[in-house]
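Note on naming: letters A, B, ... go to the chains in the order of the sequence lines (proteins, then strands), and numbering restarts at 1 for each one.
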2 protein chains.
Amino acid sequence: MLDTTAELVAEVGVERTTIDEIASRSGVAKTTIYRHFPSKQVLVVEAVHACTHIPAVTDTGSLRDDLISCFSGMTKASYEGRLGDMMLSLMDAAQRDPELGRLVRAQAEQRRRFATTVIERSVERGELPDDVDVDLLVTMLSGPLVYTKLVRRQRVTEELVAAVVDSVLACYRAPVAPESAANA
Amino acid sequence: MLDTTAELVAEVGVERTTIDEIASRSGVAKTTIYRHFPSKQVLVVEAVHACTHIPAVTDTGSLRDDLISCFSGMTKASYEGRLGDMMLSLMDAAQRDPELGRLVRAQAEQRRRFATTVIERSVERGELPDDVDVDLLVTMLSGPLVYTKLVRRQRVTEELVAAVVDSVLACYRAPVAPESAANA
DNA sequence: GTGAATCGCTACTATGCCGTAGCGTTCTTG
DNA sequence: CAAGAACGCTACGGCATAGTAGCGATTCAC
């Protein structure tokens with residue numbers, strides 16, 4: 001039932017998803033749906049919740065490996081499969097529906113926190129300078145992946161994740177500080 | 001009339017935009033709207049077209065300046081104002097509506113081509129190595145901006161554009177090649 | 001001025017969807 | 001096996017919306 005809802009949202013979006021269609025597809029009577037969920041809004045929120053699972057955070061001691069593992073996990077969990085197909089419509093609906101808004105924002109926050117944790121751990125190890133802009137770094141890492149998924153509508157491959165991580169990390173490993181290089 | 005349509009799409013999204021509401025807001029009778037546009041779909045496409053304007057490409061001779069100018073222009077043209085507010089809903093609707101799909105894809109392509117041009121010009125000048133992955137570079141630049149706009153729902157400031165450009169360019173100016181640094 | 005095109009207004013059809021009522025059936029539980 | 005809970009089905013009421021018809025008023029061009 002929640003599964004069918006998610007399937008429909010992925011196919012036609014939140015707005016075009018109707019209770020009647022959920023009922024006929026899942027082989028459940030419409031009245032039964034209303035016996036469990038007071039409204040379509042709640043049903044959608046529950047359906048999203050149901051297909052959300054949080055990837056584990058690894059700690060290999062290497063920033064590069066941790067980041068790749070972290071973003072690969074996120075990709076599998078959020079950008080692939082049903083949740084990936086629902087994403088755009090969910091984000092759009094979240095602009096108007098406060099409940100969905102909270103849900104989507106919470107998920108984005110959580111994904112950000114994972115990456116932030118990995119980076120801060122690396123700073124403590126001395127792998128990155130103390131004054132590194134963690135917020136910018138997370139944006140530089142997440143951005144290209146989201147962009148590839150939502151705007152280019154291409155699969156986020158392991159190779160892309162590695163390329164993005166390496167590209168972002170490259171300047172922090174070089175002897176020249178980014179600030180001075182930027183003004184060259 | 002097209003203006004009111006764009007305004008409504010920005011406010012409530014493509015799906016929730018109704019002809020009646022457009023009529024009453026623009027002070028135009030519904031019948032008059034149908035005398036100009038055969039359907040809501042066409043009206044929305046025209047409205048999007050109407051508020052799309054292409055920023056000029058600069059050629060200062062400096063990759064950094066050109067990129068900042070390029071992405072600042074794109075930001076103003078696409079991420080701010082009405083088009084920025086319409087973006088998510090348009091992208092979602094574009095998944096199902098072939099006409100909108102073409103439109104959105106064309107705009108994304110065009111934005112990409114701007115950046116690609118700037119970068120290729122820089123490669124010809126010898127500022128960047130010949131074997132640079134232009135495609136990845138454009139993704140690394142566009143991604144964080146789109147991510148900031150769509151996912152974080154924050155304004156894309158001039159400072160952010162500069163920070164992203166500098167961050168991406170940093171590794172290409174450093175003496176150590178990114179590949180060897182990544183494996184360090 | 002006069003004819004033609006355009007516009008505004010009200011009303012209308014048709015459709016789709018939300019959410020509910022009522023009733024008979026099935027399944028569970030003790 | 002018996003009682004109660006859960007389910008399926010059909011049929012609603014109510015609302016919103018896409019598009020259309022018809023007619024009178026307005027504007028515009030010549």
Side-chain angles (χ1 to χ4, degrees), chain A residues 1-50 82 85-86 88-104, chain B residues 1-50 82 85-86 88-104:
Chain A
M1 193 140 110
L2 291 172
D3 200 63
T4 307
T5 305
E7 181 184 305
L8 255 170
V9 170
E11 266 179 47
V12 302
V14 176
E15 310 264 7
R16 290 190 128 88
T17 296
T18 69
I19 305 281
D20 291 275
E21 184 67 19
I22 296 171
S24 75
R25 272 210 206 184
S26 61
V28 166
K30 187 165 67 156
T31 42
T32 305
I33 295 178
Y34 278 107
R35 282 180 188 121
H36 289 275
F37 306 96
S39 70
K40 185 178 115 180
Q41 189 220 29
V42 173
L43 179 54
V44 170
V45 171
E46 294 291 322
V48 174
H49 254 124
R82 205 153 280 172
D85 293 337
M86 300 168 75
L88 255 183
S89 186
L90 280 182
M91 287 171 63
D92 178 35
Q95 287 184 291
R96 262 91 50 179
D97 184 323
E99 202 63 46
L100 269 179
R102 267 188 290 276
L103 180 58
V104 169
Chain B
M1 193 141 112
L2 290 172
D3 199 63
T4 308
T5 305
E7 180 184 306
L8 255 169
V9 171
E11 266 180 47
V12 302
V14 176
E15 311 264 9
R16 290 193 128 85
T17 296
T18 69
I19 305 282
D20 291 275
E21 184 67 19
I22 296 170
S24 76
R25 272 209 205 184
S26 61
V28 167
K30 185 166 68 158
T31 42
T32 305
I33 295 178
Y34 278 106
R35 282 181 189 120
H36 290 274
F37 306 95
S39 70
K40 184 179 120 181
Q41 188 220 27
V42 173
L43 178 54
V44 170
V45 171
E46 294 292 322
V48 174
H49 254 125
R82 206 154 280 173
D85 292 338
M86 300 166 76
L88 254 183
S89 186
L90 281 182
M91 288 171 62
D92 178 35
Q95 286 184 291
R96 262 91 50 177
D97 183 323
E99 204 63 45
L100 268 179
R102 269 188 289 277
L103 179 59
V104 168

Check the phosphate of dG8(C) against T32(B), side-chain N and O only, distance under 4.0 Å to OP1 or OP2. Yes or no? yes

dC7(D) phosphate, OP1 or OP2, under 4.0 Å from H36(A) side-chain N/O: yes

Value in whole Å for how far the [atom2] atom of [N] lies from [atom1] of [X]:
X: I33(B); N: dT6(C); atom1: CD1; atom2: P; answer: 17 Å
X: I19(B); N: dG8(C); atom1: CD1; atom2: P; answer: 15 Å
X: M1(B); N: dT6(C); atom1: CE; atom2: C1'; answer: 12 Å
X: L43(A); N: dC18(C); atom1: CG; atom2: P; answer: 10 Å
X: R16(A); N: dA18(D); atom1: CZ; atom2: P; answer: 11 Å
X: E15(A); N: dA16(D); atom1: CD; atom2: C1'; answer: 14 Å
X: I22(B); N: dT17(D); atom1: CD1; atom2: P; answer: 11 Å
X: F37(A); N: dC18(C); atom1: CZ; atom2: P; answer: 15 Å

If you take atom types as modelled and just measure distance, does the side chain of [X] reach the base of [N] with a donor-acceptor pair under 3.5 Å?
X: T31(A); N: dC7(D); value: no
X: K40(B); N: dG19(D); value: no
X: K30(B); N: dG8(C); value: no

For the pair E15(B) and R96(A), find out whether any cationic side-chain nitrogen is under 4.0 Å from an anionic carboxylate oxygen. no

Let me know which of R16(B), R25(B), M86(B) forms a side-chain contact (heavy atoms from CB on, under 4.5 Å) with L8(B). R25(B)

Minimum-distance nucleotide (side-chain atoms of T18(B) versus dG8(D), dT17(D), dC9(C)): dT17(D)

Judged by atom type as modelled, is there a donor-acceptor pair below 3.5 Å linking the side chain of S89(B) to the main-chain atoms of V14(B)? yes

Which residue lies more 5' along DNA chain D, comparing S39(B) with R35(B) via nearest heavy atoms: S39(B)

CD-OG1 distance between E21(B) and T5(B), expressed to the nearest 0.5 angstrom: 11.0 Å

What verdict does the side chain to side chain contact (heavy atoms under 4.5 Å, CB included) test give for D92(A) and Q95(A), after you've listed the backbone C-alpha separation in whole Å, the side-chain angles of each residue and the deciding distance to 0.1 Å? CA-CA 5 Å; D92(A) 178 35; Q95(A) 287 184 291; 3.2 Å; yes

